[in-house]
Amino acid sequence: MRAMTYRGPYKVRVEDKPDPRIEHPNDAIVRVERAAICGSDLHLYHGMIPDTRIGHTFGHEFIGRVIEVGSSVESLSVGDRVMVPFNISCGTCFFCARGLLSNCHNVNANATALGGIYGYSHTAGGYDGGQAEMVRVPFADVGPRVIPEWLHDEDALLLTDAFSTGYFGAQLGDIVEGDTVVVFGAGPVGLAAARSSWLMGAGRVIVVDQLPERLDKARTFAFAETLDYREHRDIVVELKKQTDHIGADVVIDAVGAEADGHFLQHLTGAKLKLQAGSPVALNWAIDSVRKGGTVSVMGAYGPLFSAVKFGDAMNKGLTIHTNQAPVARQWPRLLEHIQAGRISPRDMITHRIPLEHIAEGYHMVSAKIDGCIKAVIEPPAA
């Protein structure tokens with residue numbers, strides 16, 4: 001099959017790889033029909049995630065058609081079209097039984113914190129991802145769901161991570177009716193978090209970014225107020241002014257490890273990799289939320305040290321919620337919202353790229369050129 005492969009930082013290419021095969025009776029093989037490049041894929045692409053091995057295939061957002069199932073698979077049949085959550089979960093361990101599907105204890109021998117993720121290095125289990133013609137799906141009775149006939153393919157695709165993660169980020173904010181919510185980052189997850197905040201009762205939503213096309217999308221897709229942090233000497237001070245000098249009730253960090261906005265933090269965290277990423281957005285969140293408020297962290301960070309202002313968080317009495325989103329847990333409610341016409345995740349998509357051109361796609365997404373917000377990958381027709 002043809003598949004994207006990692007060749008080192010800033011180097012990916014499409015090449016032939018062996019077709020995936022059934023390795024366990026509960027596996028399925030899915031022929032990919034749509035995949036996507038996620039902002040967190042860029043952490044891999046930029047060489048920020050430990051143990052990203054040469055030849056690894058990225059891609060944790062994908063949908064496709066089942067072409068083979070293991071002998072014990074009961075919920076799927078050959079020919080089913082499925083959306084697959086980015087989390088790989090066994091469904092039965094201590095954590096899965098408590099709904100913590102992203103923290104499954106049986107799918108990642110390489111970490112005690114993180115469960116398994118498709119295409120996200122050997123720190124996340126070493127599973128090849130969906131930026132390929134085919135992918136092996138372990139625990140096929142647990143994660144994948146047959147795509148409802150009424151659901152648009154690209155809406156289904158964005159439910160496999162980006163929109164579900166943003167929705168979960170808003171959920172973790174414990175938003176109550178009338179709350180002021182600030183979202184740092186207007187990428188797909190931030191846009192989804194901002195849009196989802198309204199569904200949870202927010203009275204005001206402010207999105208902070210620096211790219212004009214993303215801020216425009218935040219206004220038209222998420223119906224949010226926007227601030228370009230480059231236009232303000234101190235974005236935290238500006239946010240305090242915007243919130244009666246008290247601070248926002250809820251702040252969501254949807255940026256993570258490659259946050260810009262502070263030269264030294266970005267240099268040590270994102271460039272020199274002396275920290276587990278640049279904590280700029282997280283520190284802004286801690287500073288701009290009100291005392292007793294809630295910070296929701298959806299941005300991805302590595303396992304190393306980070307210069308986070310935890311003393312300020314403690315002294316302000318903040319509640320900090322974070323996790324990788326347990327995607328499948330969000331689907332029932334999100335499907336209701338889509339069917340009712342309240343949201344249309346596919347409206348975030350700006351580019352569609354053939355699999356064979358994925359190297360150019362990564363460059364475009366990484367360099368943030370051509371107004372790219374969300375790029376979908378289209379494998380060749382079977």
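Worth saying up front: this structure is predicted, and the values here are computed from it rather than measured.
- Hydrophobic clustering (ILVMFWY, side-chain heavy atoms < 4.5 Å, transitive): V14 and M134 are in distinct clusters.
- Under a cut-off of 6.0 angstrom, the local environment of NE2 in H105 is sparse, with at most 12 non-hydrogen atoms contributed by other residues, nucleotides or ligands.
- Minimum heavy-atom separation, P144 to V82: CB-CB, 4.2 Å.
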Run the numbers on I343 and L199 for side chain to side chain contact (heavy atoms under 4.5 Å, CB included), then give the verdict. CA-CA 9 Å; I343 55 174; L199 300 175; 4.0 Å; yes
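- A side chain to side chain contact (heavy atoms under 4.5 Å, CB included) with L159 holds for exactly one of L335, I63, I147; it is L335.
- The structure places CD1 of I320 at 6.5 Å from CG of L282, a figure rounded to the nearest 0.5 Å.
- Looking at P138 and Y118, their side chains come closer than 4.5 Å, going by heavy atoms from C-beta outward.
- Looking at heavy atoms from C-beta onward, W284 lies out of side-chain contact with L239 at the 4.5 angstrom threshold.
- Under the 3.5 Å distance criterion, the side-chain polar atoms of D244 are left unmatched by any main-chain donor or acceptor of I246.
- Salt-bridge formation is not detected for the pair R21/D19: no Lys NZ or Arg NE/NH1/NH2 atom is positioned less than 4.0 Å from an Asp or Glu carboxylate oxygen.
- Side chain of K316 to main chain of G293: no donor-acceptor pair is present (N/O by atom type, distance under 3.5 Å, no hydrogens or angles).
- Between Y10 and Y45, the ring center distance clears the sub-6.0 Å criterion.
- Within the 4.5 Å cutoff, side-chain heavy atoms of I373 are placed close to those of L191.
- When side chains are defined from C-beta on, I377 counts as touching I37, because their heavy atoms get closer than 4.5 Å.
- Contact between F221 and R195 at its shortest, heavy atoms only, is O-NH1, 2.7 Å.
- The aromatic rings of Y120 and H60 sit perpendicular to each other, their planes meeting at more than 60°, with 30° as the lower class boundary.
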Evaluate the criterion side chain to side chain contact (heavy atoms under 4.5 Å, CB included) for residue pair I286 and V308; output intermediate values, then yes/no. CA-CA 9 Å; I286 289 169; V308 177; 3.8 Å; yes
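- Checked by atom type and distance alone, the side chain of D51 never pairs as donor or acceptor with a backbone atom of H122 at under 3.5 Å.
- At least one donor-acceptor pair under 3.5 Å links the side chain of R329 to the backbone N or O of G99.
- Considering CG of D312 and CG of D287, their distance stands at 5.5 Å, rounded to 0.5 Å.
- Residue L215 is not grouped with residue V280 when hydrophobic side chains (ILVMFWY) are merged at heavy-atom distances under 4.5 angstrom, including chains of intermediate members.
- What you find for V69 and V73 is that their closest heavy atoms are CB-CB, 4.1 Å.
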Does the pair F163 and S196 meet the rule for a side chain to side chain contact (heavy atoms under 4.5 Å, CB included), with working shown? CA-CA 9 Å; F163 205 94; S196 298; 3.7 Å; yes
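- The local environment of CD in E177 is sparse, with at most 12 non-hydrogen atoms from other residues, nucleotides or ligands closer than 6.0 Å.
- Counting only heavy atoms from C-beta outward, the side chains of Q171 and M200 approach each other to under 4.5 Å.
- In the hydrophobic cluster analysis, where Ile, Leu, Val, Met, Phe, Trp and Tyr join through side-chain heavy atoms closer than 4.5 angstrom, I235 is grouped together with V297.
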Could you check I252 against S197 for side chain to side chain contact (heavy atoms under 4.5 Å, CB included), going step by step and ending with a plain yes or no? CA-CA 10 Å; I252 300 171; S197 295; 4.1 Å; yes
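- W150 places none of its side-chain heavy atoms less than 4.5 Å from the side chain of D155.
- Between R65 and D80 there is no salt bridge, since no side-chain nitrogen of the basic residue lies less than 4.0 Å from a carboxylate oxygen of the acidic one.
- Taking both residues in full, the closest heavy atoms of P345 and L158 are given as O-CD1, 2.9 Å, listed atom of the first, atom of the second, then distance.
- To the nearest 0.5 Å, atoms CG (N106) and CZ (F95) are separated by 10.0 Å.
- What you find for S102 and P326 is that their closest heavy atoms are OG-N, 4.2 Å.
- Between the side chains of K17 and T5, no donor N or O sits under 3.5 Å from an acceptor N or O.
- The environment of H363 atom NE2 is sparse: at most 12 non-hydrogen atoms of other residues, nucleotides or ligands sit within 6.0 angstrom.
- Side chain to side chain, S75 and D141 meet the donor-acceptor criterion of an N or O pair below 3.5 Å.
- Residues I49 and F58 fall within the same hydrophobic cluster, defined by Ile, Leu, Val, Met, Phe, Trp and Tyr side chains chained together at heavy-atom separations under 4.5 Å.
- For residues 361-371, there are no salt bridge (charged side-chain N to carboxylate O under 4.0 Å, His left out) pairs, not counting sequence neighbours.
- For R214 (side chain) and Q210 (main-chain N/O), no donor-acceptor pair under 3.5 Å exists by modelled atom type.
- In terms of heavy atoms, I22 sits closest to D27 at CD1-O, 3.6 Å.
- In terms of modelled atom types and a separation under 3.5 Å, the side chain of T57 and the main chain of M4 share a donor-acceptor contact.
- Residues D253 and M298 fail the side-chain proximity criterion, which asks for heavy atoms closer than 4.5 Å.
- For the pair F139 and H24, the minimum side-chain heavy-atom distance is 4.5 Å or more.
- The residue from N87, N323, N108 that alone fulfils the side-chain hydrogen bond (donor to acceptor under 3.5 Å, both in side chains) condition with N103 is N323.
- Two different hydrophobic clusters hold L334 and L101 under the rule that ILVMFWY side chains link at heavy-atom gaps under 4.5 Å.
- Here E238 contributes atom CD and L227 contributes atom CG; the two are 6.0 Å apart, rounded to the nearest 0.5 Å.
- E61 places no side-chain N or O within 3.5 Å of a backbone atom of T160 that could act as its donor or acceptor partner.
- Rounding to the nearest 0.5 Å gives a distance of 4.5 Å between CD of Q324 and CZ of F86.
- With ring centers used as reference points, W198 lies 6.0 Å or more from F223.
- For the residue pair R204/Q242, the side-chain donor-acceptor check at 3.5 Å is satisfied.
- The residues K374 and E154 are annotated as not salt-bridged, no charged nitrogen and carboxylate oxygen being separated by less than 4.0 angstrom.
- Separation of atoms CD (E68) and CG (L76) is listed at 13.0 Å; rounding is to 0.5 Å.
- Proximity of a side-chain donor or acceptor of D41 to a complementary backbone N or O of C38 within less than 3.5 Å is detected.
- Partner E213 forms a side chain to side chain contact (heavy atoms under 4.5 Å, CB included) with one of D209, L211, D216 and no other, that one being L211.
- Looking at Q131 and Y362, their side chains do bring a donor and an acceptor atom within 3.5 Å of each other.
- Of the possible donor and acceptor atoms, one in the side chain of S296 sits under 3.5 Å from a partner among the backbone N and O of G169.
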Can you check ring-ring contact (aromatic ring centres under 6.0 Å, His included) on H56 and Y6, steps first, answer last? CA-CA 5 Å; H56 192 55; Y6 177 69; 8.3 Å; no
Decide side chain to side chain donor-acceptor pair (under 3.5 Å) for T294 and H321; before the verdict, give the C-alpha distance in whole Å, the side-chain angles of both, and the deciding distance to 0.1 Å. CA-CA 8 Å; T294 300; H321 287 161; 5.8 Å; no
